[in-house]
Student: 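Below you will find the structure I want to go over with you.
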Protein chains: 2
Amino acid sequence: MAERRLSTHDIAKRAKVSIGTVSNVVNGSTKVREELRVRVVQAMDELGWQPNALARGLRMASSNLIGMIIPDITNPFFPSVVRGAEDVLSLHFHRIILCNTDNSSTKELGAFSDLRSFNPAGFLIIPSVDSGIEPMITQYKKPVVFIDRSPANWKGDSVKANNEEGSYQATKHLIVRGHRRLAIITGPLRSSIGCERLSGFQRACKEAGLQIKSEFQQEAQFTRDSGYLAARNLISMLPRPTGIFASNDLIAAGTLIALREAGLRCPQDVSIVGFDNLDFAELTDPNLTSVHQPAYQMGKCAARLLIERIKQFDRPAEQLVLPTELRTRSSVCTIAVERPLPSRKKAAAQPR
Amino acid sequence: MAERRLSTHDIAKRAKVSIGTVSNVVNGSTKVREELRVRVVQAMDELGWQPNALARGLRMASSNLIGMIIPDITNPFFPSVVRGAEDVLSLHFHRIILCNTDNSSTKELGAFSDLRSFNPAGFLIIPSVDSGIEPMITQYKKPVVFIDRSPANWKGDSVKANNEEGSYQATKHLIVRGHRRLAIITGPLRSSIGCERLSGFQRACKEAGLQIKSEFQQEAQFTRDSGYLAARNLISMLPRPTGIFASNDLIAAGTLIALREAGLRCPQDVSIVGFDNLDFAELTDPNLTSVHQPAYQMGKCAARLLIERIKQFDRPAEQLVLPTELRTRSSVCTIAVERPLPSRKKAAAQPR
DNA sequence: TGGTAAATGTGAAACATTTCAGATAACGAG
DNA sequence: CTCGTTATCTGAAATGTTTCACATTTACCA
């Protein structure tokens, strides 16, 4: 008895029908007389057959694989996104091939090119910081949805969080609590996210009439180590900032560590607001006030958009911007106002 | 000009060779005269062709995909494992299809069966708590490596951490610091991991002559919420345990929260040791003492074993057990000994 | 120069599907 | 009974590879 894999032919033979009929039963594309359908299904069960996804993908010039390209699954923001995507995609019988780029645009290009050879039904991409993938994508003419960040003047589908507004809220929070010497540790300013978060920060500062010293704006990677270094710079300056907006929670974590090492207390000496609201935010010492970003939802929405585009390629593009929300905890304290806010509106000189 | 995809034939035609030669050039399997090789490579570049992975997989009855089945990428222990695996696999031109099971053996079976239709080169599996996948695997006769946990009497390759020893160390740590009323929040005792960690705990207790009240052994899931509930139970008992061994860091995190809610101080009122040494351990309030598990290494090792087995299916199985290591931080304090250790060895009555 | 062995090149067949043009069966109407 | 129509089935062709038996070329030597 030869150790051969089963094929449509075997099912056809056993059910005494043609291979075409088997295919029709499997795909439900064409009407099949009930009697035959039952015979086929029975044969499938008896032989324990399941269709070969590779052959199908080859023939149809499109598999049910989805290429998902992300910077680094190890960065705690991304797993939720991936999970959200998978939860939606699996309902539609799609599977995810996952690739990490480490924010290297070379790896990103390589991954994309590699994945194409599987004729995936589409792509979900969280682009690297200075991604040069956009030309390749538009030329490729297959469904792609960008998540979290998208290339400059990308015209297709995308899902992101409202970074500008989130940062604005975060900064405002510090200002309202009386902080005047504000600092920001930005992400890479080559990335749209980095810029947007900086811009929200600046808007809040400007609105409050605060001038930010240029040394108080430090650029970092979105990593803990990089945040740690930037924070060390920041807290060595005198007078020190009393409030730091960290452009993501990893940076905030690095900042927390730098503070601790320097013997400074958070929030009394330096208050911190983060961004992302990662799980650990409510465990840190002190609990980290952070801007919540709906990572899981972002994954879900992106997957839904992708599915829609797979169904119908020429539909209008959607660029979703999901709301963020400040989660206040104990890493920010209220401080006595050093010099009053230069009041633009009426000066509400409330007696303490 | 028809919008057709390129195939070996196109390359062959342009390079004026046969398709067989093109294949030989691509795979380097047979010697090809340098002159022809150059012509072929040139043709490939000019046309921008890359082989179709589906067709190849179909023909060879094996793709370069690896099915990776894990409980939940959202659980911070797993991303590192996945990443470790990918880093090794990508060197060998393998790609990962990722599936989450949520610890449901049904989903696990479904995922496995689904993935098979892609003729993957092999599988990397972190089985669900009560996985029933083993029979299907052994019958399937393709490379599989289990990670972190493996089915009872699994005879193939596997990679895990030394759970028993790690827990033993963790517990010993508490005991040495003077804790006598010890409690454990176990993982699910249907899982090998849960049992092994319990068993290390028990060994340390027995060795120290400690009797553990049965209420002081609470079973939980490996999640924060579940840990939180178990911890609430535990700290409502009087006299309270002074030291809790949490079977993983998520449980420890839940415990930390329960403690905080109950107005109890950690470590003074209750000390905690976790397991996994997740990134957040050095950020928590207080910093969490935890048993480090080499997650990234586990992924790497598993991938290496898988590669070896793909190369040579009938090689002896390897069951790797990687060492764990206690990382002491501030969630454990030394307490005055309430009643002395019933000394089994010589009573070293050191003053103080 | 002719002959042989070694090196290299060739292309039909196979892999497991889907598709689709044409075959067949069933049925009513005339 | 025949014809036309509808409903259903059929199987060859096509998808893009690799393989391998065979053909062709090259290299070498007498």
Side-chain angles (χ1 to χ4, degrees), chain A residues 2-41 43-44 47-65 93 114-121, chain B residues 2-41 43-44 47-65 93 114-121:
Chain A
E3 182 74 76
R4 216 175 48 73
R5 270 169 314 151
L6 293 168
S7 81
T8 323
H9 285 88
D10 303 293
I11 305 301
K13 197 172 298 172
R14 177 169 257 254
K16 298 196 195 315
V17 298
S18 74
I19 55 169
T21 299
V22 173
S23 177
N24 286 334
V25 168
V26 171
N27 302 304
S29 35
T30 308
K31 263 276 178 295
V32 174
R33 188 153 36 101
E34 183 60 12
E35 185 199 338
L36 290 203
R37 205 190 60 75
V38 169
R39 285 217 310 262
V40 170
V41 170
M44 281 166 44
L47 266 47
W49 170 82
Q50 64 180 158
N52 180 313
L54 297 178
R56 167 181 290 182
L58 171 59
R59 175 59 230 241
M60 313 229 304
S62 168
S63 66
N64 56 350
L65 292 170
F93 308 100
D114 252 43
L115 291 186
R116 264 195 318 195
S117 70
F118 289 100
N119 280 335
Chain B
E3 183 76 75
R4 216 176 47 74
R5 272 170 312 153
L6 294 168
S7 81
T8 322
H9 284 89
D10 302 296
I11 304 301
K13 196 173 299 170
R14 176 169 258 254
K16 297 195 195 315
V17 297
S18 75
I19 55 169
T21 300
V22 174
S23 178
N24 286 335
V25 168
V26 171
N27 301 305
S29 35
T30 309
K31 264 276 177 296
V32 174
R33 187 154 38 100
E34 184 59 12
E35 184 200 337
L36 290 203
R37 205 190 61 74
V38 169
R39 284 218 311 262
V40 170
V41 169
M44 280 166 44
L47 266 47
W49 171 83
Q50 65 181 156
N52 180 313
L54 297 178
R56 167 180 290 182
L58 171 60
R59 174 59 229 242
M60 314 231 302
S62 169
S63 67
N64 56 351
L65 292 170
F93 308 100
D114 252 43
L115 291 187
R116 265 196 317 196
S117 71
F118 289 100
N119 279 336

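Below, chains carry the letters A, B, ... as their sequence lines are ordered, and counting in each starts from 1.
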Student: Over how many whole Å does the gap from A/D10 atom CG to C/dA14 atom P extend?
Tutor: 15 Å
Student: May I ask you to test the B/F118-A/N52 pair for a side-chain heavy-atom distance under 4.5 Å?
Tutor: no
Student: Give the rounded distance in Å between these two atoms: CG of B/L47 and C1' of D/dG16.
Tutor: 15 Å
Student: Are B/R56 and D/dG16 close enough that a side-chain N or O sits under 4.0 Å from OP1 or OP2?
Tutor: no
Student: What is the distance from CD1 of B/I11 to C1' of D/dT18, rounded to the nearest Å?
Tutor: 16 Å
Student: Quick one: label A/Q50 by what it contacts on the DNA or RNA (base, sugar-phosphate, nothing), any heavy atom closer than 4.0 Å.
Tutor: sugar-phosphate
Student: Can you find a heavy atom in the side chain of B/V26 that is under 4.5 Å from one in the side chain of B/S23?
Tutor: no
Student: Within the 4.0 Å heavy-atom criterion, would you say B/V26 contacts the bases, only the backbone, or no part of the nucleic acid?
Tutor: nothing
Student: Start with the C-alpha distance between A/L6 and A/I11, add both sets of side-chain angles, then the distance that settles side-chain contact (heavy atoms from CB on, under 4.5 Å), and finish with yes or no.
Tutor: CA-CA 8 Å; A/L6 293 168; A/I11 305 301; 5.6 Å; no
Student: Below 4.0 angstrom from OP1 or OP2 of D/dT18, is there any side-chain N or O of B/N27?
Tutor: yes
Student: So, A/N27 side chain and A/N24 main chain: donor-acceptor pair closer than 3.5 Å or not?
Tutor: no
Student: Could you work out, with salt bridge (charged side-chain N to carboxylate O under 4.0 Å, His left out) as the rule, every residue matching A/E34, not counting sequence neighbours?
Tutor: A/R37
Student: Closest-nucleotide mapping onto DNA chain C: is A/W49 or B/K16 further toward the 5' terminus? I mean the 5' end.
Tutor: B/K16
Student: With B/R116, which residues qualify under salt bridge (charged side-chain N to carboxylate O under 4.0 Å, His left out), at least two apart?
Tutor: none
Student: May I ask you to evaluate whether B/R33 reaches the phosphate of C/dA7, defined as a side-chain N or O under 4.0 Å from OP1 or OP2?
Tutor: no
Student: Taking CD1 from B/I19 and C1' from C/dA12, how many angstroms apart are they, rounded to a whole number?
Tutor: 8 Å
Student: Pick the closest DNA chain C nucleotide for B/A55 and for B/V17 by heavy atoms, then say which residue is nearer the 5' end.
Tutor: B/V17
Student: To the nearest Å, give me how far apart CG (B/L54) and C1' (D/dA14) are.
Tutor: 15 Å
Student: Quick one: B/R116 CZ to C/dA16 C1', roughly how many Å, whole number?
Tutor: 16 Å
Student: Is there a side-chain polar atom (N or O) of A/S18 under 4.0 Å from OP1 or OP2 of D/dG11?
Tutor: no
Student: Only counting residues at least two apart or in another chain, list the ones meeting salt bridge (charged side-chain N to carboxylate O under 4.0 Å, His left out) with A/R59.
Tutor: none
Student: Kindly point out which of C/dT17, D/dG16, D/dT10 is positioned nearest to the side chain of B/S7?
Tutor: D/dG16
Student: Evaluate side-chain contact (heavy atoms from CB on, under 4.5 Å) for B/L54 paired with A/S63, printing each intermediate quantity in order.
Tutor: CA-CA 8 Å; B/L54 297 178; A/S63 66; 4.2 Å; yes
Student: What are the residues of residues 57-65 of chain A, sorted by number, that bring a heavy atom to within less than 4.0 Å of DNA chain D?
Tutor: A/L58, A/R59
Student: Would you mind classifying the nucleic acid contact of A/E34 as base, sugar-phosphate or nothing, using non-hydrogen atoms under 4.0 angstrom?
Tutor: nothing
Student: Only counting residues at least two apart or in another chain, list the ones meeting salt bridge (charged side-chain N to carboxylate O under 4.0 Å, His left out) with A/R39.
Tutor: A/E35
Student: Quick one: B/R39 CZ to C/dT10 C1', roughly how many Å, whole number?
Tutor: 14 Å
Student: Think A/T8 has a side-chain N or O under 4.0 angstrom from the OP1 or OP2 of C/dT17?
Tutor: yes
Student: Using whole Å, what does the distance between atom P of nucleotide C/dA16 and atom CG of B/N119 come to?
Tutor: 9 Å
Student: Taking any heavy-atom pair under 4.0 Å as a contact, classify A/L36: base, sugar-phosphate, or nothing.
Tutor: sugar-phosphate
Student: Specify the angle, to 10°, made by the local axes at the two ends of the helix from C/dT1-D/dA30 to C/dG30-D/dC1 when five pairs are taken at each end.
Tutor: 60°
Student: Can you tell if the side chain of B/V22 reaches within under 4.5 Å of the side chain of B/K13, non-hydrogen atoms only?
Tutor: no
